[in-house]
Amino acid sequence: MRAMAWDGCSGEVAGRTEKGLEVEGLETVIGMGWKRIWKGLFGGKAEETGLVEMVEHFQELLDDHQSLMELMADLGEKSGGEYVFDRKYIEDSMGRMRGLLLRLAENLNLIGRNRYVGLYAVVDRILLQLEGDLRGRVALSEDMPLVVPLSESPTDHPELTGGKAEALACILQRLRFPVPDGFVVTTRAYRRFIEHNRLEARIHGWLESWNRGDMELPQVSRQIRFSILAGIVPSDVAALIKRYGEKKPSWAVRSSACGEDGQISFAGLHETVLDVSPRDLIGAYRRVLASLFSVEALSYRRDMGLLGEEAAMAVLFQEMVPARVSGVLQTLDPVEPHEDRMVFHYVAGPGRTIMEGKSRVQSRALRRSSLLDWEKAEEPLGRDSRGGREEAEWGTDDLLPPEVLNELGKWGLALERFFKQPQEIEWALDLSGRSWILQSRPLVLQGGAAEMRHDVSQLASRHPVLVKDRGTVVHAGVGAGVVFHVRKEEDLQRFPDGGVLVSPHASPWLAAVVRKASAILTEKGSSAGHLATIAREFRVPTLFGVEEACSRLRAGEVITVDTKQRVVYGGRVEELLIFELARDGSFEQSPEFRLLRRLLKRIAPLHLADPQSPDFSPQGCRTVHDVLRFAHEKAVEELMEVPRSLRHSRRLRLWELATNIPIGLRVLDLGGGIDPPSRGDKLELDRVTSLPLKSFLEGLCGRGLWSTAPAEVDMKGMMSSLTKTAAASPGLEEMAGFNLALVTKDYLNLHLRLGYHINLIDARILPGTERNHVYFRFVGGVTDITRRSRRAQLLAEILSRHDFRVEVRGDLVIARTGDRPEGEMKTILSMLGCLVAFTRQLDIELRSDDRVEDFVRHFMEIQGRSNNAAKV
Amino acid sequence: MAGQKLKVMVLDDEPIVCKRLQPSLEKLGFAVTTFTRSLEALEDIEKNQYDIVITDLKMKDIDGIRFLEEVKKRYPRSEVIVITGFATLDTAKESFKKGVFDFIAKPFKLSEIQEVVLKAAAKITGEA
């Protein structure tokens, strides 16, 4: 009985061979490639040919996989702002992606004899969605919600949720600042309302009459508003509003129109209804919808040339915050934007009194650079002859405690960093003393006000340049703050708000503080890695590959990082920061970047992490990345079946590797991977010409590396266990100790079954960097799951320190790296050899979590020594 | 100081190109004017001289070649940089090498175009 297949997770795979033989009829649907392979495995000389073809399909799949990963990385890189691209670039890239994806699905089915035909439909579905995004059909699409809670509201669909709700969703989900609970009734619901009440043609007709001059504006506005107020909200929309609305006693109902609070300011044109009880929500919803056609809104849209475009309104419902103080924070002083000043205007009580002028408005100002009170700071005000404010204008009352001002100021700067524009933030201090952000919109600076006092082209003559022309741009922008070095995870807890993150590696765990950083600089790292994705998501100016960043930038010093020009200045270069805010705007808000980000959301996220989960199926693939992952994993799985088939082969020439380690490794050469000896079937190490295998074996068999191994893992014990059979587990005998390397000159597909765990390494090393990759998969162990998981953690830690992208699920570790030059790849393979030997039986030793760290340290030491030895 | 700034015109019917290029060149000390409609740009050069003109190749109304000719006819010393899609880069180079300072293929890095513009500026100020 073969209860367990050799990778421990594919019992179905084990039985597949027999099924394949029995069901002759299947042959018609079985791809020709597999048929040949099949014949090959059992058919004499053709045996080798079939295997060669299978590996060829596999390599082609890996190539396409790689090209798609690169395309994905390229799209990601373009979303970082360093490149100028237009819509055509996006369209062309999608065309390429389509071709590659279809071929990937085809190759997988050739390798896996059409066991994955379901993947074609999935690829089609994803491609259709991408196409829909390209054509801007998003808001109309049926899979978009009618009503969505703010905490789940999408952050890249302003045409669905409107600018105001989108900004709040970003603040809540990305920056995680307190925003009153709420939900958004989307533009899809608006369209349903219009359709349901058959209003479209009538509204169009009235607007036409106005355009022709047949009707006056006030009359047109009144007609349309009345017809909306008299309309019936479709029952599904109404039910959703009721359901969400029952959760809180009192609501603010606000407009969130497309373009509002975004590129075009509709501020104040649409209606806001405050203090609405749950039973009045539907009425308030209609009022806000109707305000889309107020006299002011209509004339504004006509002036902006927007009348021809279909208007649509999303409506935001937010819990009312009972306010002790409420006000507005302008992160730049609109009167004097070149000053280092942010401005607060506020009143006691709820915010509407500001607008209604019922209560005395007070004003305060803080320094942007220090968050110190403008009044109390050293520089005197009021002597400015160019129309500056009088000193007395900024109060110092105690309505707002200093810590509240400070907190709001910090939030303001963080919002500004994120949105890349000065912000006008409505906020409230509630009765319990907690601060809330109610809304935030770009602060519009009047033409002349944005003129610069200083010439930003001459910065280097006024500010010390600490770093210049180093590194690659991950996200373009300018940020300033205090340098904070992060070397280990514990450092993260002390990371200051607005600090500049400086680290030797772009390790994925740094992602935890990206949200708080004003800029990121690392000495190493890939702009396609996880940290890069997160930095772009949070729009943090980021440079990777800045040599000597850690030594040149001292912890605690204030610096200004301009990643657009790849310059780091000492001190805070206020004129540059303000230039960015006032003149450069935010490329992140442009339609091209928004489109690219939307597409990336259907492309880049990975949901299929665990190959053992039931979701790991074609149907479970939601993104392009999922498809890539699935196809790669399944192709690897198919290939892992090969050693089983070969085990009994008497025809294929399998070489037994002669090593000082009893590893029992057989080598099957598929072309240029070995220099075959003239006699015998033993292969000496120096006859291995396959670059990846050679490098791997150098690490695995490295002499002198083990002399200082911890007592618990002495070499003798470890090596004796290398050949330990797995007889204790039924069904495993067959494969135990049979280790196989399929090689060519530059390729290695290595199957290791050492003791109780299974390891697959797939690698290619070519002279360039683009086609190089290493895939590492490790599962199993002899002890309980806790210790096995610790070993997985240990592997993950070591691999991520070597810049692998690592995923861990229980005792399964999957790690990938690539795009590295030949020399680095050799080092990586050698490190993997070392690692395989090192972690061999470690799960037994991993009695506590602390030990993981000990062993990581120990391994890094060994590695260090071995690298030094190699250099000598 | 403002009088000494070199004047740059950016003409591309994709607003994003103008929006990105303007601040990025201003940062280098150029006075930048942008146009998304070629006819308006054409009208403008009747009155105003630019030291450096950056134009897209494929546009509505007048294409980049025509615009280059119009600029050169009026101001032979102005330098013209042509932006073109990556696929058409070679054809573009072939078809009108004459008079073009340099070509840039889309998508391009801001630093690439900055470099080319600085070279053009060096040529102009060196000549002056």
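In what follows, every heavy atom counts, from backbone to side chain, and hydrogens, waters and symmetry copies are set aside.
- We find the CG-CG distance between B:D56 and A:D86 to be 7.5 Å, quoted to the nearest 0.5 Å.
- The OH atom of A:Y83 sits 16.0 Å away from the NZ atom of B:K106 when rounded to the nearest 0.5 Å.
- A:E547 CD: 12 or fewer foreign heavy atoms inside a 6.0 Å radius.
- Interface residue A:D562: only side-chain heavy atoms are found under 4.5 Å from chain B.
- Between the side chain of B:R20 and the main chain of A:E82, no donor-acceptor pair closer than 3.5 Å is present.
- Contact of B:E112 with chain A is not made at all, since no heavy-atom distance falls under 4.5 Å.
- Between chain A and the residues B:L110, B:D12, B:I16, the largest count of heavy-atom pairs under 4.5 Å involves B:I16.
- No side-chain heavy atom of A:K88 sits under 4.5 Å from any side-chain heavy atom of B:E14.
- Interatomic distance, B:Q114 CD to A:Q565 CD, rounded to the nearest 0.5 Å: 4.0 Å.
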Evaluate the criterion side-chain contact (heavy atoms from CB on, under 4.5 Å) for residue pair B:K27 and A:L576; output intermediate values, then yes/no. CA-CA 9 Å; B:K27 230 169 165 176; A:L576 178 60; 3.5 Å; yes
Test side-chain contact (heavy atoms from CB on, under 4.5 Å) on A:V84 and B:I113; report intermediate values, then the result. CA-CA 10 Å; A:V84 177; B:I113 201 152; over 6 Å; no
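- Residue A:R597 qualifies as enclosed at atom CZ: its count of foreign heavy atoms under 6.0 Å is above 12.
- Residues satisfying the ring-ring contact (aromatic ring centres under 6.0 Å, His included) criterion with A:F85, sequence neighbours excluded, are A:Y89, A:F593.
- Atom CZ of B:R37 has 12 or fewer neighbouring heavy atoms from other residues, nucleotides or ligands inside a 6.0 Å radius.
- Counting heavy atoms from C-beta outward, A:R566 and B:S111 have side chains that stay 4.5 Å or more apart.
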